[in-house]
2 protein chains.
Amino acid sequence: MQLDTAFAALADPTRRAILARLAKGEATVMELAKPFAVTQPAISRHLKVLEGAGLIERRIAGTTRPCRLSAAGLAPLEAWLDQIRRTMSANYDRLDDVLAAMNDERKGDRT
Amino acid sequence: MQLDTAFAALADPTRRAILARLAKGEATVMELAKPFAVTQPAISRHLKVLEGAGLIERRIAGTTRPCRLSAAGLAPLEAWLDQIRRTMSANYDRLDDVLAAMNDERKGDRT
DNA sequence: TTGTTATATAAGGTTTGCCTTATATAAGGA
DNA sequence: TCCTTATATAAGGCAAACCTTATATAACAA
């Protein structure tokens, strides 16, 4: 699923740092690699993962391939988190009703 | 890092489904295992991962250990996503300035 | 105590992920 | 054409992540 690859992509600190850098604007592979203690092929691999997750996009400019963050890529993640939050608060809102029902029943509760 | 384990935890569809279920309220291990085609030990492992990521909490009730979602656990993820979004839009807001500067310079641009 | 239910842990195997070095490709410049 | 720079891919190795079956623990019930 899309969520699988996107969340998995964000699980790596190097990839999160790359995204954080790209949030400030486009950058080439070399520019992205510079701050890290890993080799260029490793960064290329990370970029492939990010691209596969729909989190970045790339274009060709001469011999470089600048990357930029894909705003749309984060949307599904945020939607999923929102969904959870909404469900939680919906059930939390209903808590008063539940408590009222429990008082009505007045059964012994050993838990 | 906390973000590592939390995002990694969400990368698995079974674990996301467990969280979605828990958003509706507390559930025991057996209740959580029922909808899935995996064994009980597998679910126990998933729960351990979720607990380690700070996404769920558990209590002891007789022979069962009901799980509930930890609202606080999701906060760091949302904060990270928000941070990215903020940086992006901050730079997007500045785009007008950048374009203006480019017009001022009027240099040939071969990219 | 003995059995039963709920859950955890151990052991073992396969897949996946990340990294490195070495090499390939592709565009640009001399 | 030949060299250089930017990036990608291949190959190989090690650690981490899943899953399964088998077994341990812990509480409750008879």
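Chain identifiers are assigned alphabetically (A, B, ...) following the order of the sequence lines, protein sequences preceding nucleic acid strands; residue numbering begins at 1 within each chain.
- Rounded to an integer number of Å, the gap from CG of B/L47 to C1' of C/dT9 is 14 Å.
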In a table with atom names and distances, give each donor-acceptor pair under 3.5 Å that connects a side chain of residues 63-81 of chain A to protein atoms at least two apart or in another chain.
| residue | atom | partner | partner atom | Å |
| --- | --- | --- | --- | --- |
| A/T64 | OG1 | A/A61 | O | 2.9 |
| A/R68 | NH2 | A/E57 | OE1 | 3.3 |
| A/S70 | OG | A/G54 | O | 3.4 |
| A/S70 | OG | A/G73 | N | 3.4 |
| A/E78 | OE1 | B/R85 | NE | 3.0 |
| A/E78 | OE1 | B/R85 | NH2 | 2.9 |
| A/E78 | OE2 | B/R85 | NE | 3.0 |

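- Shown here are the side-chain contact (heavy atoms from CB on, under 4.5 Å) partners of B/A8, two or more places apart in sequence or in another chain: A/A11.
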Heavy-atom protein contacts under 4.0 Å, nucleotides 13-27 of chain D, coded B base, S sugar-phosphate only, - none: -----SBBBB----S

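- Residue B/M30 contributes atom CE, which lies 15 Å from atom P of C/dT4 at whole-angstrom precision.
- Taking B/Q83 as the reference, nothing meets the side chain to side chain donor-acceptor pair (under 3.5 Å) condition, with sequence neighbours excluded.
- Residues forming a side chain to side chain donor-acceptor pair (under 3.5 Å) with A/R15 (at least two apart in sequence, or on another chain): A/H46.
- Checked against side-chain contact (heavy atoms from CB on, under 4.5 Å), A/A17 has the following partners two or more places apart in sequence or in another chain: A/F36.
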